[in-house]
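Computed over heavy atoms, backbone and side chain alike; hydrogens, waters and symmetry mates excluded. Numbering of residues begins at 1 and proceeds along the displayed sequence. One-based numbering, in listed order, for ligands and for the atoms of each.
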Amino acid sequence: MKEDFVKSKNLNEIKLYRHIKDSDPEIYGYLIQELKRLRENLELIASENVVSISVLEAAASVLTNKYAEGYPNARWYGGCKYADKVEEIAIRRAKKLFNAEHVNVQPHSGTQANMAVYFAVLKPNDTILALDIASGGHLSHGHPKNFSGAIYNVIRYGVDSKTHLIDYDQVKDLAEKHKPKMIVVGHSAYPRTLDFKKFKDIAASVNSYVLADIAHVAGLVIAKLHPNPNEAGIEFVTTTTHKTLRGARGGMILTKNEFAKKIDSAVFPGIQGGPLLHAIAAKAVAFQEAGKIEFIEYQNQILKNASKLGEEFVKKGYRVMTGGTDNHLVLLDVYTTYGVTGRDASNWLEEANITVNKNLIPYDTLSPFVTSGIRLGSPAVTTRGMEEEEMILIAGFIDEILKNNGKSEIIKNVKKDVLDLLKKFPLYPEIKDE
Ligand SMILES: *Cc1c(COP(=O)(O)O)cnc(C)c1O
């Protein structure tokens with residue numbers, strides 16, 4: 001390759017137009033390995049999903065070449081006429097899906113969407129009131145190791161020690177006592193529906209903003225299977241586009257017209273430079289898919305599958321946090337159930353090609369590296385076409401391994417069953433893995 005480069009004068013000669021398979025077999029090899037891993041694993045990580053071929057194509061498109069700092073029809077660079085169209089379409093589709101007044105599709109990730117909202121209306125050391133991590137909160141909601149915890153004064157609300165549900169009275173008390181500038185609502189591991197209206201009322205009584213982060217449940221919100229924070233009058237709504245929404249990896253902000261300018265300038269030039277137009281194109285494609293009736297059916301099946309998983313574990317005698325789920329995720333306390341830590345459980349399951357994550361449970365007695373819990377989610381397996389019948393099998397696989405303390409003989413057998421099951425649900429059959 002180096003020689004090629006020295007001798008050549010133009011792109012054709014250095015063979016920049018070769019396919020990756022020939023030009024960079026090392027990376028290509030890992031991409032193929034990853035494709036095989038996806039095919040041969042039961043993906044139960046609640047924040048993951050599998051995008052369509054159309055979304056993949058948009059994400060891998062020539063728009064990665066384009067600099068387009070600014071916004072449609074107000075860019076710093078020339079040559080943006082098609083970039084403008086793509087971003088305008090993404091915005092238009094997102095507004096419609098979420099019934100939002102104003103949308104910014106440029107945040108590179110969910111964390112960056114949150115950062116932009118904070119940066120738009122908070123000053124350093126302002127107080128925010130947010131859900132703590134052990135109760136299901138996210139790093140970017142004021143974790144001490146995150147910028148949000150370093151820059152702002154963070155007060156935490158949690159869940160009730162008995163019901164493990166959000167204690168709205170506690171939120172109200174803390175809001176009255178600390179007068180936060182912003183109340184942050186949203187979670188990564190809370191299996192129940194959020195009452196945005198209650199949060200909005202509490203915030204209004206203390207003259208505080210609300211940021212509703214619907215990163216996990218955005219798809220459910222579109223399908224009207226979870227309340228929509230825009231319709232509860234909440235000022236700032238952020239989301240990722242790659243979880244239940246099943247789009248390209250990225251973030252997005254929805255807001256009211258009165259905050260449009262503030263939010264847009266917080267994203268650019270506030271915290272980002274050029275937008276990732278290829279990612280925005282892929283978001284637009286995913287938004288088109290999310291506007292279809294099939295997407296509503298898909299979200300319904302996500303709920304049915306998660307609910308079936310929860311039911312099965314209750315039947316098997318597990319400590320299922322909150323007794324089940326209203327959304328796409330189930331939180332199991334495996335430590336109380338079997339004396340198995342979340343870390344061991346997730347490692348054993350991975351050996352059997354079942355991918356989950358260890359997770360803190362409310363009032364956990366173990367550290368975040370060990371944890372008492374595992375989190376299971378149904379979005380990715382539902383995308384593959386699985387239904388309740390398969391959820392019963394999956395709960396059985398997991399239980400078999402945990403109740404036998406990760407015995408290697410058992411793991412081997414379960415892995416065989418997992419592979420057999422996955423064969424019936426092909427993933428990207430049109431992509432070759434060689
Ligand atoms: C996943 C998640 C995010 C962050 O998304 P990234 O794209 O990983 O930065 C933000 N908030 C919540 C509640 C999440 O679950």
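- Side-chain atoms of R192 and T325 form no donor-acceptor pair, as typed in the model, at a separation below 3.5 Å.
- Using modelled atom types and a 3.5 Å distance limit, the side chains of E231 and N99 yield a donor-acceptor pair.
- The cationic atom of R246 (NZ for Lys, CZ for Arg) does not lie both less than 6.0 Å from the six-membered ring centre of F295 and within 45° of the ring axis.
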Side chains of residues 177-186: which donor-acceptor pairs under 3.5 Å do they make with residues two or more places apart or in other chains?
from : atom 1 : to   : atom 2 : distance (Å)
K179 : NZ     : E176 : O      : 2.9
K181 : NZ     : V121 : O      : 3.3
K181 : NZ     : D126 : OD2    : 3.2

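- In this structure, Y338 and Y318 have perpendicular ring planes: the angle between them is above 60°, well past the 30° mark.
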So what's ligand 1 close to, N/O to N/O, under 3.5 Å?
from     : atom 1 : to   : atom 2 : distance (Å)
ligand 1 : 7 (O)  : G110 : N      : 2.9
ligand 1 : 9 (O)  : S109 : OG     : 3.3
ligand 1 : 9 (O)  : G110 : N      : 3.4
ligand 1 : 9 (O)  : T111 : N      : 2.9
ligand 1 : 9 (O)  : T111 : OG1    : 2.7
ligand 1 : 11 (N) : D213 : OD1    : 3.4
ligand 1 : 11 (N) : D213 : OD2    : 2.5
ligand 1 : 15 (O) : S188 : OG     : 2.8
ligand 1 : 15 (O) : H216 : NE2    : 3.4
ligand 1 : 15 (O) : K243 : NZ     : 2.9

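- With respect to D433, the salt bridge (charged side-chain N to carboxylate O under 4.0 Å, His left out) criterion is satisfied by exactly one of R37, R39, K21: R39.
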